[in-house]
Amino acid sequence: MTSTARKLPTGFGRLWTAQTISSLGDGVSHAALPLIALTLTRDPMALAVVTAAGTLPWLLFGVLGGALVDRWDRRRTMWVADASRAALLAIPAAAAALDVLSIALLAAVAFLLGLGGLLFDTAATAYLPDLLRRDPALLERANSRLRGAQTAMSGFAGPPAGSALLALGRAVPLLADAVSFLFSALLVRTLPAMPRPVPQVRESLLRQARAGASYVFRDRVLLGLALRPAVGNVAFLAVETVLALFAHDRLGIDTYGFGLLLTAEAAGGLLGAGIASYLGRRLGTGTALTCTAAVEGLAILGLAAAPNPYVAGLALAVCGAGMGATMVLAPSLRQAIVPAHLMGRVASTSRMLAMCAAPIGAFLGGWLATTYDIRTPLYAAAGLLLAMTAVTASMTSNRRVEAALRAAAPADGPDHPAIKQPAQQSASDVL
C-alpha cells in the first residue's frame, strides 16, 4: 500500500484539534498585545522590547531545550508547557484588570510564554514523525492541515476576535488565550504515548546539544532550511514591530481595521498551506521553496509602497501565501530526513537560528523607524528577503532534496512507505 492511500491516525485528529484551539487564542493575543502595548507607550523601541522578549528564550536555551526534548517524554512535555502558559497568562490579565499593567510586565510574560513555546513546539515537531511513522507523504498532508488550521485560527479568526475582545477590556483577550492553552493541554494528554528516544550513555546534555547543532551545519539541505527562517525573521520582525504604528499613522487604519489587515495575511497563508503539496509536486520541493521565498520579498516591497489599506491588505495576503506554503514544505522535508533520535535537537537548532534572528529584526525595525521613516523597515525587510532567496536557492535545490530523501530511506527500512514518492512527484531538477 502506498502512503497516498493511507489515512492519518486517530491521534492526529486530537493533536490537530488541540493546536487549532490554541492557535485561535494565539490569534486573539497576536492582535491584542500590540494594541495593549500601544495603550501604554508610543515609543517604537519600547514596543520592540516586548516583541523581542518572546524570542529571547530561543537565543538563551534553544539548543539545550532540544536536547532535553530528546530525553523527555514528548507528549508530557507538550501538555505541561501548555498548562503552564495558561496559568502564566492570568498574571497580565489580573494586572490589566487592576490597571497596573506595564511594558516591563508584558515583556517578562512574553519571555516566559516564549520559553513554554520553545518546549511545546520542539516536542510537537519531534512527536509528529513518530506518530506518522516518518512517512513523507503523510507528514506533508499532516503539516498542511496543521498549518492551515493554525493560519485560519491565529490569523483569520483570531485577530478580529482579539480586537473585539479588547473593546471589552485589556484583560479579556489575555484570558481568552489562557483558556485556549488549557483546552490544548487537556487534549494533548489524551494523545497516544510514544517510546522515549534511546538515551545515549555517558553523554552530557551539552555534548548532545552540540551534536544536534553540528548535524544541521554539516548538512547543506538542513542548513538551507534553517537559514531561510533565520534571515526571514530579521525581516518579518522588523515589519511586525512597526506594523501597528504604520497601519495607524500612514494608512489611517483603526483598531478593528488592524485586525482585518492581519486577517488578510492569514487568508493568504491559508491558501498557501492548501496549495503547498501541489507546488511541491508541480515544481519539486526545492524549486517551490525558492519561489515562495521570492514571493515573500516582493510582497513586503509592495506593502512598503502601499498607498492605501487595500493595497496593503493585498500585499500581506500574497506574503502570507508564500509563508503558508513554505511552512508546510520545509518542516515536512526536515521531519522526513532527520533521524528520530536527533529530531528534537535538529528542530530546536533550526528554530533557534530563526528565533535568535528575531530580536535583531525587532530592534532593527524600531531603530530604522525612529532614525529614518516608518516605511524604512519595510523596504529593508524586502531587500533582506530577496537576498536570502538568492543565497539559499542552491542549498535546497530539487537535486539536493531528492538525494536527502533517498539517503534517509535505509534508516527506516526497505519497506518504508513512499520514500521515493517526492522524487517521482518533482517536475524536474530545475535548480
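This structure is a prediction, so every number in the text was calculated from the model and none was measured.
A cation-pi arrangement, defined by a distance under 6.0 Å to the six-membered ring centre and an angle within 45 degrees of its axis, is present between R85 and F120. Geometrically, R189 engages W79 in a cation-pi contact, judged by NZ or CZ lying under 6.0 Å from the ring centre and within 45° of the ring axis.
Within a 6.0 Å sphere centred on CZ of F183, heavy atoms belonging to other residues, nucleotides or ligands number 12 at most.
L118 approaches G65 most closely through the heavy-atom pair CD2-CA, 3.9 Å. Heavy-atom minimum distance, I36 versus P173: CD1-CG, 4.5 Å. Minimum interatomic distance between A381 and I300 (heavy atoms only, all atoms of both residues): CB-CG2, 4.0 Å. In this structure, G232 and L385 approach most closely via the heavy-atom pair CA-CD2, 3.8 Å. Considering every non-hydrogen atom in both G11 and L131, the closest pair reads C-CD2, 4.1 Å. The two residues A247 and L261 have their closest heavy-atom pair at CB-CD2, 4.1 Å.
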Q: In sequence, state the C-alpha distance, the side-chain angles, and the governing distance for L191 and M78, and then conclude on side-chain contact (heavy atoms from CB on, under 4.5 Å).
A: CA-CA 10 Å; L191 291 173; M78 286 190 285; 4.2 Å; yes
Q. Are L89 and L175 close enough, and set up right, to give a side-chain contact (heavy atoms from CB on, under 4.5 Å), and what steps lead you there?
A. CA-CA 7 Å; L89 279 166; L175 289 174; over 6 Å; no
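Contact check for L88 versus F181: no side-chain heavy atoms found under the 4.5 Å cut-off. In this structure, M395 and V221 have side chains that are not in contact, with every pair of non-hydrogen atoms separated by 4.5 Å or more. For the pair P229 and L353, the minimum side-chain heavy-atom distance is 4.5 Å or more. For the pair S350/V216, a side-chain contact is recorded, criterion being any heavy-atom separation below 4.5 Å from C-beta on. In this structure, L146 and L128 have side chains that are in contact, with non-hydrogen atoms separated by less than 4.5 Å. With contacts defined as side-chain heavy-atom distances shorter than 4.5 Å, the pair P339/Y215 qualifies. Side-chain contact check for T287 versus C291: some heavy-atom pair is nearer than 4.5 Å.
Remark: D219 pairs with no residue by the side-chain hydrogen bond (donor to acceptor under 3.5 Å, both in side chains) rule, at least two apart or across chains. Not counting sequence neighbours, N308 has no partner by the side-chain hydrogen bond (donor to acceptor under 3.5 Å, both in side chains) test.
Donor-acceptor pairing under 3.5 Å is lacking for the side chains of T392 and R228. No side-chain N or O of S277 forms a donor-acceptor pair with one of S144 less than 3.5 Å apart. Side-chain contact annotation: T376 with D373, donor-acceptor N/O pair under 3.5 Å absent.
The only member of T125, D130, N143 that meets side chain to side chain donor-acceptor pair (under 3.5 Å) when paired with Q335 is N143. Paired with L289 under the rule side chain to side chain contact (heavy atoms under 4.5 Å, CB included), one option of N398, L283, T326, T389 passes, and it is T326.
With values rounded to the nearest 0.5 angstrom, I253 atom CD1 is found 8.0 Å from F246 atom CZ.
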